[in-house]
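Before any comments, here is the structure.
Remember, predicted model here, so these are calculated numbers, not experimental data. Below, chain A is the first sequence line, B the second, and so on; all start at residue 1.
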Amino acid sequence: MNKNLQIYNSHSGKKESFESINKGFVGLYVCGPTVYNYVHLGNCRTFISFDLVYRYLQHLGYKVRYVRNITDVGHLESDADTGEDKIAKKARLEEVEPMEIVQQYTINFHETMKRFNNLSPNIEPTATGHILEQIDLIQKIITNGFAYEAEGSVYFDVNKYNKSHAYGSLSGRKIEDLMNNTRDLDGQQEKRNPLDFALWKKASKEHLMKWPSPWSIGFPGWHLECSAMSTKYLGESFDIHGGGMDLKFPHHECEIAQGTSANCKDPVNYWMHANMLTLNGKKMSKSADNSILPEELFTGKNKHFSKSYNPMVIRFFMMQAHYRSTLDFTEDAINAAEKGYNRLFDGLELLQKVKTSDKSSESVEILISAFYAAMNDDFNAPILVANLFNAVKFINHINDGKASISSQDKIQLDKAMKDFIFNVLGLKQDTEIKSSKLDSLMDIIVDLRKQAREDKNWATSDKIRDGLQKAGIQIKDNKDGKTSWSSH
RNA sequence: GGUCUCGUGGCCGAGCGGCUAGGCAGUGGUCUGCAACACCAUCUACAACGGUUCGAAUCCGUUCGAGACCUCCA
């Protein structure tokens, strides 16, 4: 097994050889969604990207503990630590309990992840379930002198922290630049410095979600939960922290500051950031009204695309781009991916039927090692996909008698392709329900058409063929005179 | 305004000093009653202008263009 894995660490800005803290084990933390709305396709890309990471680490034989949180409190409308809690706001608008909002969108999130064939994390902690841990963490930070209380709220002292550590090292910012560019100063009188961020906020009377603490009845700051939960389940320092590029600043920057100030050590060894998905050239975002929901894509009911798409086609589409590149989602691009996806699976299917020879005309070992080389190079899925297509071409050549494969190599190639397609890329074949009713119905239709063709009644045979095509069933007249059909 | 990233053939998208990326579309074939499907083969390229180098899409500089972050966002 080749474990020469290189990971691009956003903190150092370089590709680094991956070494886990505990041999054979990996701690992976990914920032999950704030469950106040449906996850859109852009959100999904991040989770699909890290699902690939999780899957490949497992494929390499690591025992991975994958933690992905659910943010169900503390995420305010504005990061100036003012404004309404996102979940509470939605609850007020819909006239339900905040926890009803949380429940509704958490369920939707899980269903969506399942459609995309994302594996579940090992632990999926919620912010509200870890209030005590968050309070403990705040206390530690206060004890170490990096936070102060003001009017029942607790703020992180960025200036003080920056004297001994580099605040901004992840996002490549200098504190002076940040100071000069802080615009929104409203409601920040309690802070010593506008860059300070809330660890604990005192709740107003009307505030729905609040808990007692040594400082006030209130709620935790958004950045805190990830620090508290990652520490609890993965330790004070762990291997990989992932999230969307847009969380780099301030969220992840604050996490580093919190973890470092509480435990006197850098909490994360490798930072990984997934890039954005754009829709017709612009960043997908709910607030900019430029987003699409997975469900709208699966059903085809949306204003951007004229047909529906299989979740696996969308996943495959995303695998054709590197996770650190922006990816533009357009109708042409997804249609191209759909055809490629079918080609890949047709090739895999053909491999099962292909005849073996004494010798292989091509080195299957080299073919397979290219799969690993691609993934070991910072999870380069597009290269992996290209290599899989090379394998498909080889398979087709074998089928045409232009190449050959030994029975042993066939078994190896089959195993490797299935491993990488199903277990690593996380694709799965259409579970199109071919009911026995449809099967027998098609037997009759195919038979009728066969009769018509024998009678040279082309009008009837073509009518059947074209009609079926419209219904999404592709008739195939094979060389041997037999007719088969498929519905992808 | 500040910080940063990126500009690759008709489209999507890898590569990032010398070696075919890949997919889709196009074109030419094979197959076919005609097709479709499928398969085979194949044409288009590195934003512009300078520089470094034996050699640059790949490094440096300038210009133009796009996007991200600095404010909620995956």
Query raised in the report: Using purine N1 to pyrimidine N3 plus N6-O4 or O6-N4 for Watson-Crick, or N1-O2 and O6-N3 for G-U wobble, each under 3.5 Å, what pairs with B/U32?
Result: none
Report task. Remember a base hit wins even if backbone is also touched, and classify A/I475 as base, sugar-phosphate or nothing at under 4.0 Å, heavy atoms. Result -> base
Query - N/O donor-acceptor pair, side chain A/D462 with base B/A35, under 3.5 angstrom - result: no
Query - Under 5.5 Å and under 30°: A/F47 stacked on B/A74 - result: no
Query - Base B/C6 paired with A/R324 side chain (donor-acceptor, <3.5 Å) - result: no
Requested in this report: Once you apply the 3.5 Å cut-off to both distances, tell me the Watson-Crick or G-U wobble partner of B/A45, or none.
Outcome: none
Query raised in the report: For B/G1, what is the paired nucleotide under Watson-Crick or G-U wobble rules, both distances under 3.5 Å?
Result: B/C70
Requested in this report: Using a heavy-atom cut-off of under 4.0 Å over every strand shown, decide if A/H397 touches base, sugar-phosphate, or nothing.
Outcome: sugar-phosphate
Report task. Take A/F316 and A/M312 through the side-chain contact (heavy atoms from CB on, under 4.5 Å) test and state the conclusion after the steps. Result -> CA-CA 6 Å; A/F316 178 71; A/M312 286 304 102; over 6 Å; no
Query raised in the report: Does a nitrogen or oxygen in the side chain of A/T326 sit under 4.0 Å from OP1 or OP2 of B/C6?
Result: no
Query raised in the report: Closest to the A/D400 side chain: B/A14, B/C39, B/C37?
Result: B/C39
Requested in this report: Sugar-phosphate means primed atoms, P, OP1 and OP2; the rest is base. With that split, encode nucleotides 16-23 of chain B 5' to 3' as B, S or - using protein heavy atoms under 4.0 Å.
Outcome: -----BSB
Report task. Return the nucleotide paired to B/C59: Watson-Crick means purine N1 to pyrimidine N3 with N6-O4 or O6-N4, wobble means G-U with N1-O2 and O6-N3, both under 3.5 Å. Result -> B/G51
Requested in this report: Measure from the side-chain heavy atoms of A/L277 and tell me the nearest of B/C70, B/A14, B/A74.
Outcome: B/A74
Requested in this report: Would you mind classifying the nucleic acid contact of A/I334 as base, sugar-phosphate or nothing, using non-hydrogen atoms under 4.0 angstrom?
Outcome: nothing
Requested in this report: Please work out if A/G42 contacts a base, only the sugar-phosphate, or nothing of the nucleic acid, heavy-atom cut-off 4.0 Å.
Outcome: base
Requested in this report: May I ask you to say whether A/E338 pairs ionically with A/K307, meaning some side-chain N is under 4.0 Å from a carboxylate O?
Outcome: yes
Report task. Can you spot which of A/T126, A/T71, A/T128 makes a side chain to side chain donor-acceptor pair (under 3.5 Å) with A/E225? Result -> A/T71
Query raised in the report: For A/D477, which contact category applies under a 4.0 Å heavy-atom criterion: base, sugar-phosphate, or nothing?
Result: base
**Report entry** Options B/C12, B/A74, B/A35, nucleotide nearest the side-chain atoms of A/T330
**Finding:** B/C12
Requested in this report: Answer yes when A/R465 and A/D462 have at least one side-chain N-carboxylate O distance shorter than 4.0 Å, and no when they do not.
Outcome: yes
Report task. Would you mind classifying the nucleic acid contact of A/K282 as base, sugar-phosphate or nothing, using non-hydrogen atoms under 4.0 angstrom? Result -> sugar-phosphate
Query raised in the report: Out of B/G13, B/G33, B/C40, which has the shortest distance to the side chain of A/A321?
Result: B/G13
**Report entry** Crowding at CD, A/E331 (>12 non-hydrogen neighbours, <6.0 Å)
**Finding:** yes
**Report entry** Quiz item: A/S461 side-chain donor-acceptor pair to B/G33 base, under 3.5 Å
**Finding:** yes
Query raised in the report: Under 4.0 Å: is that the gap between some side-chain N or O of A/N396 and OP1 or OP2 of B/C40?
Result: yes
Query raised in the report: Is the gap between the ring centers of A/Y38 and A/Y105 under 6.0 Å?
Result: yes
Query - Pair A/F47 and A/F109, ring centroids less than 6.0 Å apart - result: yes
Query raised in the report: Of the nucleotides B/C40, B/G15, B/A74, which has the atom closest to the A/K402 side chain?
Result: B/C40
Query raised in the report: Over how many whole Å does the gap from A/D246 atom CG to B/G67 atom C1' extend?
Result: 13 Å
Requested in this report: Taking only the side-chain nitrogens and oxygens of A/N380, find out if one of them lies under 4.0 Å from OP1 or OP2 of B/G15.
Outcome: yes
Report task. Could you please name the partner base of B/G9, counting Watson-Crick and G-U wobble pairs only when both distances are under 3.5 Å? Result -> none
**Report entry** Inter-nucleotide C1' distance (B/G22, B/G17), Å rounded
**Finding:** 23 Å
Query raised in the report: Between A/K210 and A/D85, is a salt bridge (Lys or Arg N to Asp or Glu O under 4.0 Å) present by the stated rule, with each step listed?
Result: CA-CA 11 Å; A/K210 51 193 170 188; A/D85 184 288; over 6 Å; no
**Report entry** Out of B/A14, B/A36, B/G33, whichever nucleotide has its closest atom nearest the side chain of A/S325
**Finding:** B/A14
